[in-house]
Asker: 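Sending over a structure as C-alpha cells; questions will come in a sec.
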Amino acid sequence: MENTKTVATLNDLLNITNDRIKGFTKVEDKVWDSYPALKLDYDQMVRESKVMRADLIDLINERGGEVDDTSTIAGALHRGWIDVKNSFSGDHAESTIQNVIFGEKAAINSYQEALQNGNLCPQSTIVVANQHMQLQTSYQKFENFEKLLN
C-alpha cells in the first residue's frame, strides 16, 4: 500500500472533521432553549470531533505526510446554505437539528468510503473505524430525537 494514499485519505477525513467542527459553531444557543436534553450529547460531539481531528493529524504526521488542516468546499457551501435557510425559517431550532443530522450522515458516508477503499494502513484503519463508530452513535441519538419531533 502506498503511504501517499493513506495520507490523502486521512487528509480527506480531516477536512470532513473540520467541517463538523465549523458546523457545530453554527448551532445557536437558542436551540438548547428548545431542546435542552440534546445539549450534553452535542457538547460530547464537539469534544469528540476535536479529539478525532487531533488523532487524524497525528496519523498524518506519523506517516510523514503534510497536514491539510482545511475544510471542504462542499462543507462551506452547506454552511452558507444553512445561513440563508435560517434567515427565512421561522424555527431555527428544528432546522438546526435537521442540519446536524444531515452533516453527521455525510460524515458517516465519507468514513465508510475511506474504510472500504483500501487506502488506509492497518493502524489508520483501526483509528478511522473507531471514529466511524463514534459518528454513528452521535448520528443515531440525533436521528432518534428527530423522529420524536415528527
Side-chain angles (χ1 to χ4, degrees), residues 6-7 9-63 65 67-117 120-150:
T6 295
V7 168
T9 301
L10 292 171
N11 268 317
D12 288 345
L13 296 177
L14 177 60
N15 298 156
I16 301 279
T17 302
N18 286 336
D19 282 340
R20 287 181 81 221
I21 293 169
K22 286 182 178 187
F24 290 151
T25 64
K26 293 282 190 183
V27 176
E28 299 175 19
D29 287 335
K30 61 185 160 187
V31 169
W32 312 127
D33 294 338
S34 300
Y35 306 110
L38 286 178
K39 179 67 171 141
L40 291 176
D41 290 331
Y42 174 80
D43 288 343
Q44 180 180 343
M45 288 170 61
V46 172
R47 284 189 304 275
E48 286 176 352
S49 294
K50 290 177 181 178
V51 170
M52 290 167 66
R53 179 182 172 273
D55 289 346
L56 291 168
I57 289 172
D58 287 347
L59 286 170
I60 293 165
N61 285 328
E62 288 169 7
R63 274 135 202 85
V67 175
D68 177 10
D69 199 15
T70 62
S71 57
T72 66
I73 293 171
L77 291 172
H78 180 67
R79 288 187 299 278
W81 176 80
I82 290 170
D83 289 341
V84 170
K85 181 179 167 185
N86 283 345
S87 69
F88 293 106
S89 172
D91 186 358
H92 294 293
E94 187 172 324
S95 176
T96 298
I97 298 299
Q98 290 169 345
N99 287 322
V100 168
I101 293 167
F102 177 85
E104 290 301 282
K105 184 66 174 168
I108 288 168
N109 290 339
S110 295
Y111 269 74
Q112 186 66 42
E113 183 178 321
L115 289 167
Q116 292 175 343
N117 69 17
L120 294 173
C121 67
Q123 181 188 5
S124 297
T125 298
I126 292 168
V127 172
V128 170
N130 287 334
Q131 290 184 358
H132 182 246
M133 287 190 309
Q134 289 175 332
L135 289 170
Q136 290 175 316
T137 300
S138 63
Y139 170 79
Q140 193 63 46
K141 289 177 186 176
F142 279 81
E143 184 183 50
N144 288 340
F145 185 77
E146 183 185 42
K147 288 177 185 175
L148 294 174
L149 294 175
N150 295 326

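For reference, positions follow the sequence shown, starting with 1. All of these numbers come straight from a predicted model, not from anything done at the bench. Because only heavy atoms are used, hydrogens play no part in the values below, and waters and symmetry mates are left out as well, while side chains stay in.
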Asker: Could you give the distance from CD (Glu48) to OG1 (Thr137), rounded to the nearest 0.5 Å?
Answerer: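 Going from CD on Glu48 over to OG1 on Thr137, the span is 7.5 Å.
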
Asker: For residues Leu56 and Val67, determine if any side-chain heavy atom of one lies less than 4.5 Å from a side-chain heavy atom of the other.
Answerer: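 Counting from C-beta outward, Leu56 and Val67 never come under 4.5 Å.
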
Asker: To the nearest 0.5 Å, how far apart are OG1 in Thr125 and NE2 in His132?
Answerer: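 These two atoms lie 12.5 Å from each other.
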
Asker: Of the non-hydrogen atoms in Ser110 and Ile16, which two are nearest, and what is the gap between them?
Answerer: OG-CD1, 3.5 Å

Asker: Verify side-chain contact (heavy atoms from CB on, under 4.5 Å) between Gln131 and Val127, making sure each step is shown before the conclusion.
Answerer: CA-CA 6 Å; Gln131 290 184 358; Val127 172; 3.8 Å; yes

Asker: Just by distance, do the side chain of Thr17 and the backbone of Met52 share a donor-acceptor pair under 3.5 Å?
Answerer: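 Such a contact is absent between Thr17 side chain and Met52 backbone.
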
Asker: Would you say the side chains of Ser49 and Arg20 form a donor-acceptor pair under 3.5 Å?
Answerer: yes

Asker: Asp69 and Asn18: which non-hydrogen atoms are nearest, and at how many Å?
Answerer: OD1-ND2, 2.9 Å

Asker: I need the minimum non-hydrogen distance between Asn117 and Leu120, along with the two atoms involved.
Answerer: OD1-N, 4.4 Å

Asker: Any side-chain heavy-atom pair from Ile57 and Arg53 closer than 4.5 angstrom?
Answerer: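 Yes; the side chains approach each other to less than 4.5 Å.
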
Asker: For Glu62, does the CD atom sit with more than 12 other heavy atoms under 6.0 Å from it, leaving out its own atoms?
Answerer: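 Buried by this count: over 12 neighbours within 6.0 Å.
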
Asker: State the CG-CG distance between Asn11 and Leu59, to the nearest 0.5 angstrom.
Answerer: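 One finds 11.0 Å between CG of Asn11 and CG of Leu59.
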
Asker: Does Asn15 use its side chain to pair, donor to acceptor, with the backbone of Asp68 at less than 3.5 Å?
Answerer: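 Side chain of Asn15 to backbone of Asp68: a pair is present.
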
Asker: Looking at CZ of Arg63 and OG1 of Thr6, how far apart are the two atoms once the value is rounded to the nearest 0.5 Å?
Answerer: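 The distance works out to 7.0 Å.
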
Asker: Using 30° and 60° as the class boundaries, would you call the ring planes of Tyr42 and Phe24 parallel, tilted or perpendicular?
Answerer: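 The arrangement is perpendicular - the two ring planes meet at more than 60°.
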
Asker: What's the shortest heavy-atom distance between Ser124 and Leu10, and which atoms?
Answerer: OG-CD1, 3.7 Å

Asker: Rounded at 0.5 Å granularity, tell me how far CD in Glu113 sits from CG in Leu13.
Answerer: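 Here the interatomic distance stands at 9.5 Å.
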
Asker: With rounding to the nearest 0.5 angstrom, report the OG1 to CG distance, Thr70 to Asp19.
Answerer: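 If I round to the nearest 0.5 Å, the distance is 8.5 Å.
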
Asker: Ion pair present between Lys39 and Asp43, side-chain N to carboxylate O less than 4.0 angstrom?
Answerer: yes

Asker: Between the side chains of Ser138 and Glu104, is a donor N or O closer than 3.5 angstrom to an acceptor N or O?
Answerer: yes

